[in-house]
**Q** 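There's a structure below that I have some questions on.
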Amino acid sequence: MKDYNTLTVPEATLLQQEMRNKVITAPFNGKIALIGGADISFNKFSTTVYAGIVLLRFPSLEPVGYSLVRKEVTFPYVPGFLAFREVPALLDAWQQLPQKPDVLVVDGHGIAHPRRMGIASHFGVQTGQVTVGSAKKKLYGIYEEPGEKQGAHTPLVDRQGVVMGTVLRSKQKVKPIFVSPGHLIDVPGSLALIEQCIRKYRLPEPTRLAHNAVNQFRLGTLPEGYSPA
DNA sequence: GCGACAG
DNA sequence: ATCTTGTCGC
């Protein structure tokens with residue numbers, strides 16, 4: 001694969017434009033026995049990133065194991081180009097997994113992106129895996145605030161009204177989360193999947209546990225490599 | 001020119 | 001994203 005650290009934003013834009021045609025947004029009909037959660041952590045002003053993918057049983061969501069890796073990254077954070085900062089490290093964590101999950105939930109957007117190439121779609125196309133994006137804030141699009149009741153949701157559309165994802169009130173009294181297909185799944189399917197991953201918190205368990213893991217890894221509480229839960 | 005802007 | 005103290009509401 002190409003070295004993202006040497007790319008310029010214009011070059012990254014071209015890569016996204018080439019990859020957008022490879023994203024498949026179709027119904028996912030497979031069975032899910034294992035689900036994964038991916039996230040990154042880092043110290044501000046440092047080029048070292050701590051990436052991790054957590055494996056959990058589905059639908060029980062019991063953690064199975066953690067794949068943690070550290071990597072140097074110099075590509076800057078630029079809204080719309082998050083994948084060029086995080087995907088390389090996540091690929092390392094992915095390859096280190098003893099078994100691959102049936103679906104991977106990535107912290108960030110999927111097709112709810114100006115060029116339909118958010119990090120979840122980018123990772124999905126690169127690996128050929130089913131991915132879903134779950135973000136805490138909007139990057140691109142228009143939406144109506146969903147109702148206050150848990151489970152209330154509204155469509156996230158682009159300027160032409162095309163649906164890119166869903167704004168979901170995952171829990172009562174919390175800000176909504178943004179769910180969108182990454183690859184090999186559609187909008188209704190990605191929403192249904194994330195709804196099944198909500199337990200006691202605002203964020204779905206896969207990404208919430210991944211976030212906890214990479215933070216513990218960065219702070220030295222968890223070791224690099226793969227560890228069973 | 002101005003506002004928006006994943007992690 | 002990370003840092004950081006107190007504060008507010010269920």
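First the proteins, then the strands, lettered A, B, ... as listed; each starts at 1. Just so it is clear, the structure is predicted and the values come from calculations on it, not from any experiment.
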**Q** Between His109(A) and dG7(B), does any side-chain N or O lie under 4.0 Å from OP1 or OP2?
**A**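 Answer is no, no contact under 4.0 Å.
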**Q** Could you check how far CG of Leu82(A) sits from C1' of dC5(B), rounded to whole Å?
**A**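 After rounding, the reported distance stands at 12 Å.
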**Q** What's the CD1-P distance between Ile177(A) and dG7(B), to the nearest Å?
**A** 11 Å
**Q** Taking 4.0 Å as the cut-off, does a side-chain nitrogen or oxygen of Arg218(A) come that near to OP1 or OP2 on dC3(C)?
**A** yes
**Q** Contact class for Gly133(A) vs. all strands (heavy atom < 4.0 Å): base, sugar-phosphate, or nothing?
**A** nothing
**Q** Give a yes or no answer on whether the side chain of Thr13(A) reaches the backbone of Val9(A) with a donor-acceptor pair at less than 3.5 Å.
**A**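 Present.
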**Q** I need the CG-P distance between Asn212(A) and dT2(C), as an integer number of Å.
**A** 11 Å
**Q** Once you round it to whole Å, what is the distance between C1' of dA1(C) and CZ of Arg208(A)?
**A** 19 Å
**Q** Roughly how many Å is it from CG in Leu203(A) to C1' in dG7(B), rounded to a whole number?
**A** 13 Å
**Q** Measure from the side-chain heavy atoms of Lys138(A) and tell me the nearest of dT2(C), dC5(B), dA6(B).
**A**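 Output: dC5(B).
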**Q** Counting the atoms with a prime plus P, OP1 and OP2 as sugar-phosphate, which does Lys137(A) contact under 4.0 Å by heavy atoms, base, sugar-phosphate, or nothing?
**A**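 Sugar-phosphate, no base atom in range.
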**Q** Would you say Ser170(A) and Arg202(A) are linked by a side-chain donor-acceptor pair, where the criterion is simply a distance under 3.5 Å?
**A**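 Per modelled atom types, Arg202(A) and Ser170(A) side chains form no pair under 3.5 Å.
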**Q** Got a salt bridge between Glu148(A) and Lys173(A), using NZ or NE/NH1/NH2 to carboxylate O under 4.0 Å?
**A** no
**Q** Is the distance between the ring centroids of Phe84(A) and His122(A) less than 6.0 Å?
**A**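 They qualify: ring centres under 6.0 Å apart.
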**Q** On DNA chain C, nearest-nucleotide positions of Ile40(A) versus Lys173(A): which is more 5'?
**A** Ile40(A)
**Q** Say whether Asp39(A) and Thr207(A), considering side chains only, have a donor N or O and an acceptor N or O under 3.5 Å apart.
**A**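 No, no side-chain donor-acceptor contact under 3.5 Å.
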**Q** In whole angstroms, how far is the P atom of dC10(C) from the NZ atom of Lys171(A)?
**A** 17 Å
**Q** Under 4.0 Å between a side-chain N/O of Tyr140(A) and OP1 or OP2 of dA4(B), yes or no?
**A** no
**Q** Rounded to whole angstroms, how far apart are CZ on Arg159(A) and C1' on dG3(B)?
**A** 13 Å
**Q** Quick one: label His122(A) by what it contacts on the DNA or RNA (base, sugar-phosphate, nothing), any heavy atom closer than 4.0 Å.
**A** nothing
**Q** Scan side-chain atoms only and decide if Thr48(A) and Glu72(A) contain a donor-acceptor pair under the 3.5 Å cut-off.
**A**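 Short answer, yes.
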**Q** What does Phe81(A) touch in the nucleic acid at a heavy-atom separation under 4.0 angstrom: a base, only the sugar-phosphate, or nothing?
**A** base
**Q** Is the ring centre of Phe42(A) under 5.5 Å from the base ring centre of dA1(C), and are the two planes under 30° apart, so that they stack?
**A** no
**Q** Please state how far atom CZ in Phe84(A) lies from atom C1' in dG7(B), giving the value in whole angstrom units.
**A**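 Computing the Phe84(A):CZ to dG7(B):C1' distance gives 15 Å.
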**Q** Counting side-chain heavy atoms from CB outward, which of dG7(B), dC3(C), dC5(B) is closest to Pro79(A)?
**A**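 Selected nucleotide (nearest to the side chain): dC5(B).
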**Q** Check whether any side-chain nitrogen or oxygen of Asn215(A) sits under 4.0 Å from OP1 or OP2 of dA1(C), and answer yes or no.
**A**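 The answer is no; no side-chain N or O of Asn215(A) sits under 4.0 Å from OP1 or OP2.
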**Q** Taking only the side-chain nitrogens and oxygens of Lys136(A), find out if one of them lies under 4.0 Å from OP1 or OP2 of dG7(B).
**A**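 The answer is yes; a side-chain N or O of Lys136(A) sits under 4.0 Å from OP1 or OP2.
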